[in-house]
Amino acid sequence: MHERIVHNDIHIIEGSVPILLSAPHAGVILKNGKNKHEPRVGTIVRRLCRDLGTWGVFVTPERLLPRWKEELYPVYKEVVRDIIRTQRIALFIDIHGAQRSFPFWIDYDFLAPPERLHEMYRQRVGKEHVPPQAHALDDILETIIQKNFERHFPNPQKPLTKSYLRSRNGFGRATLAYRMRKRFGMPTLQLEINRKLRDDKELFGQTMAFLADTIQEYKSVLHYENTPPRV
């Protein structure tokens with residue numbers, strides 16, 4: 001595993017598998033006037049890349065990044081786009097940390113919004129919203145996620161949910177998963193991992209096993225040589 005740093009605080013892990021894992025909030029960032037911190041998401045990306053051979057990108061873990069939005073995030077987005085284009089990435093996963101109070105262990109979101117949100121948009125704005133399109137592999141990935149969650153969390157205190165934040169935050173057009181799906185027409189996924197799963201040693205181990213098995217199984221359905229160029 002080769003890790004290098006670009007633009008001071010953006011880390012890239014070079015891989016051999018065309019899956020890109022991302023943790024843009026691994027550091028302590030200033031967002032909406034408050035410090036936002038998602039502990040251990042950088043560790044998650046590093047370990048999965050090491051064990052599975054995927055590509056990875058994240059900001060310096062645990063470091064205070066006060067001008068993240070103005071200076072770092074625009075470069076981060078371009079780095080993600082460049083890796084997807086040049087490495088013919090077949091799946092992009094953006095990993096985030098959720099608060100303990102959220103009613104799920106893990107939430108997964110393809111950022112292809114449901115029809116009810118389209119109608120809300122039409123009513124508010126007076127025109128159609130053209131969302132990113134669903135991808136043929138979304139259903140396969142969803143089945144893999146659900147199966148592995150049941151296996152690794154047989155009696156969870158909180159469930160696996162889908163698109164929980166869409167009812168709170170709308171379409172998610174500012175998210176990387178939304179932008180990359182719309183830009184490249186590729187499968188993308190945003191994961192929100194509850195803080196307790198990241199803080200508790202045993203639960204963190206279960207979480208890492210769930211993520212590793214999910215990605216490993218998804219790798220088996222990819223045909224690397226048939227991954228189309230990204231433009």
Side-chain angles (χ1 to χ4, degrees), residues 1-27 38-63 72-73 75-97 106 108-111 135-138 140-142 144-145 148 152 175-181 183-193 198 204-205 207-231:
M1 182 182 79
H2 176 61
E3 182 174 326
R4 55 190 171 90
I5 300 176
V6 298
H7 197 71
N8 298 324
D9 285 298
I10 299 175
H11 298 241
I12 296 174
I13 298 174
E14 298 177 359
S16 58
V17 176
I19 294 174
L20 174 60
L21 310 180
S22 163
H25 297 162
E38 299 176 359
R40 304 197 83 178
V41 292
T43 298
I44 290 171
V45 169
R46 266 193 176 128
R47 289 189 184 180
L48 291 173
C49 289
R50 178 196 66 194
D51 295 344
L52 302 176
T54 58
W55 283 76
V57 58
F58 54 95
V59 299
T60 302
E62 318 307 325
R63 179 173 171 177
L72 196 59
Y73 193 48
V75 179
Y76 189 96
K77 288 186 286 187
E78 186 53 45
V79 168
V80 168
R81 286 192 291 265
D82 185 62
I83 294 172
I84 290 173
R85 280 194 299 260
T86 60
Q87 302 304 318
R88 301 175 71 168
I89 296 298
L91 172 65
F92 173 71
I93 304 178
D94 207 31
I95 299 174
H96 293 266
I106 295 172
Y108 67 97
D109 195 347
F110 295 117
L111 276 298
H135 193 278
L137 291 176
D138 289 347
I140 294 174
L141 180 55
E142 183 168 28
I144 293 171
I145 290 169
N148 279 298
H152 289 287
T175 66
L176 281 170
Y178 182 105
R179 290 170 181 265
M180 298 306 131
R181 180 178 284 262
R183 173 69 177 82
F184 295 107
M186 63 183 292
T188 66
L189 178 68
Q190 179 164 309
L191 292 177
E192 299 280 346
I193 301 173
R198 292 174 285 125
F204 186 70
T207 302
M208 292 302 300
F210 157 75
L211 292 170
D213 285 354
T214 296
I215 294 170
Q216 185 68 37
E217 189 169 346
Y218 187 79
K219 281 170 55 179
S220 69
V221 307
L222 294 177
H223 300 285
Y224 299 176
E225 68 278 6
N226 294 330
T227 304
R230 306 295 182 190
V231 295

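When a residue number appears, it is its place in the shown sequence, counting from 1. Every heavy atom of this structure was used, including side-chain atoms; hydrogens, water molecules and symmetry mates were not.
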If the threshold is 4.0 Å, N to carboxylate O, is there a salt bridge linking Asp138 and Arg181? yes
Which atom of Ala26 lies closest to which atom of Val59, heavy atoms considered: CB-O, 3.4 Å
Spatial distance of atom CD (Gln87) from atom OG1 (Thr54) [nearest 0.5 Å]: 12.5 Å
Any Ile106 side-chain heavy atom under 4.5 Å of Phe210 side chain: yes
Which value, rounded to the nearest 0.5 Å, describes the distance between Ile215 atom CD1 and Leu91 atom CG? 7.5 Å
Of all heavy-atom pairs between Pro24 and Tyr73, which one has the smallest distance, and what is that distance? CB-CE1, 4.3 Å
So, are Glu3 and Arg50 salt-bridged, with charged N and O less than 4.0 Å apart? no
Measure the CG-CG distance between Asn148 and Asp213 for me, rounded to the nearest 0.5 Å. 5.0 Å
Quick one: list whatever passes side-chain contact (heavy atoms from CB on, under 4.5 Å) with Glu142, sequence neighbours left out. Tyr108, Phe110, Asp139, Gln146, Lys162
Quick one: closest heavy-atom pair of Lys77 and Met180, and the distance? O-CE, 4.4 Å
Who passes side chain to side chain donor-acceptor pair (under 3.5 Å) against Thr60, sequence neighbours left out? Asp9, His11
Strictly distance-based, threshold 3.5 Å: is any side-chain N or O of Trp55 a donor or acceptor partner for the main-chain N or O of Gly15? yes
Distance-only side-chain donor-acceptor flag, Thr188 / Tyr178, under 3.5 Å: no
Non-hydrogen atoms of Pro61 and Gly42 that approach each other most closely: CG-CA, 4.5 Å
So which heavy atom on Gly97 is nearest to which on Glu38, and how close? N-OE1, 3.0 Å
Residue pair Ser22, Ile95: steps toward the side-chain contact (heavy atoms from CB on, under 4.5 Å) verdict: CA-CA 6 Å; Ser22 163; Ile95 299 174; over 6 Å; no
Does any part of the side chain of Leu48, heavy atoms only, come nearer than 4.5 Å to the side chain of Met208, both counted from C-beta? yes
Leu137: partners by side-chain contact (heavy atoms from CB on, under 4.5 Å), with sequence neighbours left out: His135, Ile140, Pro187, Tyr218, Leu222
Under the side-chain contact (heavy atoms from CB on, under 4.5 Å) rule, what do Asp94 and Leu191 come out as? Steps first, then yes or no, please. CA-CA 6 Å; Asp94 207 31; Leu191 292 177; over 6 Å; no
Keeping the roles fixed (side chain from Asp82, backbone from Glu78), state whether a donor-acceptor pair exists under 3.5 Å. no
Determine whether Ile13 and Arg46 make a side-chain contact, defined as any pair of heavy atoms from C-beta on separated by less than 4.5 Å. yes
Would you sort out whether Phe184 and Ile89 count as a side-chain contact (heavy atoms from CB on, under 4.5 Å), showing the intermediate values? CA-CA 10 Å; Phe184 295 107; Ile89 296 298; over 6 Å; no
Any chance you could measure Glu217, atom CD, to Ile145, atom CD1, to the nearest 0.5 Å? 10.5 Å
So do Arg47 and Arg40 actually touch side chain to side chain, heavy atoms under 4.5 Å? yes
Spatial distance of atom CZ (Phe92) from atom CZ (Arg179) [nearest 0.5 Å]: 11.5 Å
Search all heavy atoms of Val57 against all heavy atoms of Val45 and return the closest pair with its distance. N-CG1, 4.3 Å
Side-chain touch Ile193/Val41, heavy atoms, less than 4.5 angstrom: no
For Leu52, is there any backbone N or O sitting under 3.5 Å from a side-chain donor or acceptor partner on Lys219? yes
Leu189/Leu141 under side-chain contact (heavy atoms from CB on, under 4.5 Å): CA gap, chis, key distance, verdict: CA-CA 9 Å; Leu189 178 68; Leu141 180 55; 4.0 Å; yes
Side-chain touch Leu21/Ile44, heavy atoms, less than 4.5 angstrom: no
Mind checking the CG-CZ spacing from Leu176 to Arg81? Nearest 0.5 Å is all I need. 8.5 Å
Using only atom types and a distance under 3.5 Å, with no angle test, would you say the side chain of Arg198 pairs donor to acceptor with the backbone of Phe204? no
